[in-house]
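Below are the structure tokens for one structure; questions will follow.
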Amino acid sequence: EVQLQASGGGLVQAGGSLRLSCAASGFTSAFTFEDYSIGWFRQAPGKEREGLSCISPSDGDTWYADSVKGRFTISRGNAKNTVYLQMNRMNPEDTAVYYCAAQRQNMILSAARQYDYWGRGTQVTVSS
């Protein structure tokens, strides 16, 4: 079964940057990492899980939520089976637990209900 692990969270001052990593494993010979769309989400206390970004497998098409567009960048990295989320110009409203998710679809997926596989989250805290 596909397994995901998000890492790279921490404490950063407002205006600073962090890079999150999502390491994926458990793929088969029939369906590899390149067959899955990968999404990033976050959930702050008392709020619903929010879709932030997605990258599709075949053409590398990307999508960003308005709240992070122009500040966050999603990419498939050189490390095997890894997707990154570069977060710049961060602000206290970005404080949340961040999750990555995977779904075997060759398309942009922006809603949490569209994903079957989820990793454990990583805490991001932005101080003012």
Side-chain angles (χ1 to χ4, degrees):
E1 181 170 305
V2 174
Q3 295 182 326
L4 304 168
Q5 179 61 58
S7 62
L11 175 64
V12 63
Q13 288 188 333
S17 299
L18 280 176
R19 189 178 79 159
L20 303 183
S21 299
C22 176
S25 62
F27 300 101
T28 67
S29 57
F31 299 107
T32 67
F33 178 65
E34 285 71 22
D35 293 308
Y36 287 74
S37 285
I38 306 295
W40 281 99
F41 293 78
R42 67 186 179 191
Q43 189 164 18
K47 294 187 176 181
E48 292 187 355
R49 191 163 295 191
E50 176 189 10
L52 303 177
S53 184
C54 176
I55 186 165
S56 66
S58 62
D59 56 6
D61 192 18
T62 58
W63 166 83
Y64 297 95
D66 288 344
S67 58
V68 304
K69 194 177 296 182
R71 299 189 299 123
F72 291 11
T73 303
I74 191 171
S75 62
R76 288 182 181 261
N78 293 329
K80 186 177 181 181
N81 296 353
T82 302
V83 169
Y84 301 107
L85 186 68
Q86 177 67 42
M87 305 186 294
N88 298 328
R89 292 185 284 124
M90 300 184 73
N91 57 66
E93 288 70 37
D94 294 321
T95 295
V97 177
Y98 284 68
Y99 300 88
C100 59
Q103 183 65 22
R104 188 166 61 84
Q105 290 280 358
N106 185 20
M107 61 188 299
I108 291 295
L109 305 171
S110 60
R113 66 181 183 275
Q114 296 176 299
Y115 290 86
D116 287 336
Y117 303 103
W118 291 84
R120 294 181 63 181
T122 184
Q123 175 70 47
V124 172
T125 303
V126 185
S127 63
S128 58

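Everything quoted here is computed from the prediction, not taken from an experiment. Reckoned from all heavy atoms, side chains included, excluding hydrogens, waters and symmetry mates. In this chain, residues are counted from 1 in sequence order.
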Practice item. May I ask you to decide whether D94 forms a salt bridge with R42, counting only side-chain N to carboxylate O separations under 4.0 Å? Key: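 A salt bridge is present here (some side-chain N lies under 4.0 Å from a carboxylate O).
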
Review point. Among the clusters formed by ILVMFWY side chains lying less than 4.5 Å apart, do M87 and Y64 turn up in the same one?
Key: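 As far as the 4.5 Å side-chain criterion goes, Y64 and M87 are connected within one cluster.
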
Check your understanding: Is a donor on one side and an acceptor on the other found under 3.5 Å between the side chain of S56 and the backbone of I108?
Key ->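 No; judged by distance alone, with no hydrogens or angles, the pair does not exist.
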
Review point. Under a 4.5 Å cut-off applied to non-hydrogen side-chain atoms, are I74 and V83 in contact?
Key: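 Answer yes - side chains close enough.
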
Check your understanding: What distance do Y115 atom OH and C54 atom SG have between them, rounded to the nearest 0.5 Å?
Key ->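 Between Y115 OH and C54 SG, I get 3.5 Å after rounding to 0.5 Å.
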
Exercise for review: Decide yes or no on side chain to side chain contact (heavy atoms under 4.5 Å, CB included) for C22 and Y84, but give the supporting numbers first.
Suggested key: CA-CA 6 Å; C22 176; Y84 301 107; over 6 Å; no

Review point. For Q3, does the CD atom sit with more than 12 other heavy atoms under 6.0 Å from it, leaving out its own atoms?
Key: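 No, CD of Q3 has 12 or fewer neighbouring heavy atoms, counting only those of other groups under 6.0 Å.
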
**Study point:** S75 versus Q86, side-chain donor and acceptor atoms under 3.5 Å
**Key:**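 Note: Q86 and S75 side chains miss the donor-acceptor criterion.
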
Practice item. For side chain to side chain contact (heavy atoms under 4.5 Å, CB included), just list the numbers for V126 and E93, CA-CA rounded to whole Å, side-chain angles, deciding distance to a tenth of an Å, and then say yes or no. Key: CA-CA 8 Å; V126 185; E93 288 70 37; over 6 Å; no

Practice item. Given side chain to side chain contact (heavy atoms under 4.5 Å, CB included), test N88 with F72 step by step and report yes or no. Key: CA-CA 6 Å; N88 298 328; F72 291 11; over 6 Å; no

Point to revise | Taking every non-hydrogen atom, the tightest pair across R120 and Q5 | key: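 Residues R120 and Q5, closest heavy atoms: O-NE2, 4.1 Å.
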
Review point. Should the pair F41 and W118 be assigned to parallel (<30°), tilted (30 to 60°) or perpendicular (>60°) ring geometry?
Key: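 Judged by the thresholds at 30° and 60°, the geometry between F41 and W118 is tilted.
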
Review point. Would the F27 and F33 ring centres measure less than 6.0 Å apart?
Key: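 Aromatic pair counts; centres sit under 6.0 Å.
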
Check your understanding: Any donor-acceptor pair under 3.5 Å linking the side chain of T122 with the backbone of S7?
Key ->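 Side chain of T122 to backbone of S7: no pair is present.
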
Review point. What's the spacing between E1 CD and T28 OG1 if we round to 0.5 Å?
Key: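 E1 atom CD to T28 atom OG1 measures 12.0 Å (nearest 0.5 Å).
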
Exercise for review: Answer yes or no: is there a donor N or O on one side and an acceptor on the other, between the side chain of Y98 and the main chain of L85, under 3.5 Å?
Suggested key: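 A pair under 3.5 Å: no.
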
